[in-house]
Amino acid sequence: MISEKLQNAMNEQITAEMWSANLYLSMSFYLQKEGFDGFANWMRKQSQEELQHAYDLADYIAKRGGAARVDKIDVVPQGWGSVLEVFEHVYKHECHVSELIDDLVNVASAEKDKASQDFLWGYVREQVEEEATAQGIVDKLKRCNDYAGILYLNDKLGARE
């Protein structure tokens, strides 16, 4: 059985994952409007991944005898100045999500819930990859000396399945 404290913390994370999904969807819409269909596709995939995290957290709570819920999802930003600014925001956001996951692991540890700690460590490992991927894209965008380089990267990221 999951403790009420951990259940509440995981439900907050579900809401955070839903907000992240909306953020990435908003970024996708912005990038598509700007003519970057590849970057837009990458963001849609990212949005879907965040939704899957919310589903997985909800399933886990249910398996442990708890009740998953979705709280109010706040409005997300709707526009950015450039592709680089979008991906800098992604990197910053992924660092924030890492902090949220670390806090969840700490709650599970304080509750002495080993199963939840094990479950959450998967997210800790994933966040290392998410931060590295976002930082890598930011670094590549900064190295693009012309529009052709940005278009090339747009095509490369558009291949994400």
Side-chain angles (χ1 to χ4, degrees), residues 1-33 36-80 83 85-138 154 156-161:
M1 186 82 171
I2 193 167
S3 74
E4 185 175 344
K5 182 176 182 178
L6 185 53
Q7 174 184 280
N8 290 341
M10 285 190 164
N11 278 318
E12 288 176 16
Q13 188 62 35
I14 287 172
T15 301
E17 297 292 342
M18 300 292 289
W19 190 89
S20 294
N22 286 352
L23 173 66
Y24 293 141
L25 189 59
S26 178
M27 289 174 168
S28 175
F29 294 164
Y30 168 79
L31 290 163
Q32 188 172 35
K33 179 182 75 67
F36 296 110
D37 291 340
F39 292 133
N41 177 67
W42 191 92
M43 286 295 176
R44 280 187 191 224
K45 299 296 183 187
Q46 199 68 16
S47 176
Q48 292 167 349
E49 189 175 289
E50 302 304 334
L51 281 175
Q52 189 61 53
H53 292 161
Y55 301 151
D56 292 345
L57 285 160
D59 290 345
Y60 180 80
I61 291 168
K63 285 178 190 174
R64 297 295 306 282
R69 69 175 192 279
V70 176
D71 205 348
K72 179 182 174 192
I73 312 295
D74 291 332
V75 175
V76 297
Q78 300 296 315
W80 292 265
V83 173
E85 187 178 317
V86 170
F87 280 95
E88 287 174 334
H89 190 149
V90 170
Y91 174 71
K92 182 179 175 185
H93 180 67
E94 289 298 339
C95 291
H96 172 68
V97 171
S98 293
E99 292 172 7
L100 295 176
I101 298 298
D102 287 350
D103 291 345
L104 265 179
V105 172
N106 291 339
V107 172
S109 180
E111 294 294 299
K112 299 184 184 339
D113 186 332
K114 302 278 193 273
S116 293
Q117 289 175 59
D118 180 63
F119 173 75
L120 293 167
W121 275 105
Y123 288 97
V124 171
R125 287 186 292 278
E126 183 173 344
Q127 281 308 120
V128 171
E129 294 302 316
E130 293 292 344
E131 287 183 30
T133 298
Q135 184 63 63
I137 295 168
V138 167
N154 177 63
K156 293 292 281 183
L157 291 181
R160 179 181 183 185
E161 293 184 15

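Heavy atoms only: backbone and side chains are in, while hydrogens, waters and symmetry mates are out.
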Could you report the tightest heavy-atom contact between [X] and [Y], atom names first, then the distance?
{"X": "Gly79", "Y": "Tyr30", "answer": "CA-CD1, 4.1 Å"}
{"X": "Ser20", "Y": "Val97", "answer": "OG-CG2, 4.1 Å"}
{"X": "Met27", "Y": "Trp80", "answer": "CG-CH2, 3.5 Å"}
{"X": "Ser3", "Y": "Glu111", "answer": "OG-OE1, 2.9 Å"}
{"X": "Tyr24", "Y": "Met43", "answer": "O-CB, 3.5 Å"}
{"X": "Arg44", "Y": "Ser28", "answer": "CG-OG, 3.0 Å"}

Leu157 vs Asn41, test: side chain to side chain contact (heavy atoms under 4.5 Å, CB included). Steps then yes/no. CA-CA 8 Å; Leu157 291 181; Asn41 177 67; over 6 Å; no
Could you tell me if the side chain of [Y] sits less than 4.5 Å from the side chain of [X], heavy atoms only?
{"X": "Glu50", "Y": "Met18", "result": "no"}
{"X": "Gln52", "Y": "Gln48", "result": "no"}
{"X": "Trp42", "Y": "Asn154", "result": "no"}
{"X": "Phe39", "Y": "Val86", "result": "no"}
{"X": "Val83", "Y": "Glu85", "result": "no"}
{"X": "His96", "Y": "Tyr91", "result": "no"}
{"X": "Asn11", "Y": "Ile61", "result": "yes"}

Assess whether atom CD of Glu4 is packed by more than 12 heavy atoms of other residues, nucleotides or ligands within 6.0 Å.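 No, not enclosed.
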Could you grab the distance from atom [atom1] of [X] to atom [atom2] of [Y], nearest 0.5 Å is fine?
{"X": "Glu17", "Y": "Leu100", "atom1": "CD", "atom2": "CG", "answer": "8.5 Å"}
{"X": "Leu31", "Y": "Lys33", "atom1": "CG", "atom2": "NZ", "answer": "9.5 Å"}
{"X": "Glu126", "Y": "Glu94", "atom1": "CD", "atom2": "CD", "answer": "8.5 Å"}
{"X": "Gln127", "Y": "Ile101", "atom1": "CD", "atom2": "CD1", "answer": "6.0 Å"}
{"X": "Thr15", "Y": "Met10", "atom1": "OG1", "atom2": "CE", "answer": "13.5 Å"}
{"X": "Leu23", "Y": "Ile73", "atom1": "CG", "atom2": "CD1", "answer": "12.5 Å"}

Might you work through the side chain to side chain contact (heavy atoms under 4.5 Å, CB included) test for Gln13 and His53, ending with a clear yes or no? CA-CA 9 Å; Gln13 188 62 35; His53 292 161; over 6 Å; no
Set out, in order, the CA-CA distance, both residues' side-chain angles and the distance that settles salt bridge (Lys or Arg N to Asp or Glu O under 4.0 Å) for Glu131 and Lys92, then state yes or no. CA-CA 8 Å; Glu131 287 183 30; Lys92 182 179 175 185; over 6 Å; no
For residues Gln7 and Arg64, is any side-chain donor paired with an opposing acceptor at under 3.5 Å?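 No, no side-chain donor-acceptor pair sits under 3.5 Å.
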Does the pair Val76 and Gln78 meet the rule for a side chain to side chain contact (heavy atoms under 4.5 Å, CB included), with working shown? CA-CA 6 Å; Val76 297; Gln78 300 296 315; 3.7 Å; yes
In terms of ring plane angle, is the pair Phe119 and Tyr123 parallel, tilted or perpendicular, where the classes change at 30° and 60°?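 Aromatic pair Phe119/Tyr123 classed perpendicular.
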Looking only at atom types and distance, does a side-chain atom of Ser26 sit under 3.5 Å from a main-chain N or O of Asn22, one as donor and one as acceptor?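 It does not hold such a pair.
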Derivation and outcome, side chain to side chain contact (heavy atoms under 4.5 Å, CB included), residues Arg160 and Gln46: CA-CA 10 Å; Arg160 179 181 183 185; Gln46 199 68 16; 2.8 Å; yes
Which residue, Asn106, Leu104, Asp102, Asp113, forms the side chain to side chain contact (heavy atoms under 4.5 Å, CB included) with Leu120?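 Filter result, single survivor: Leu104.
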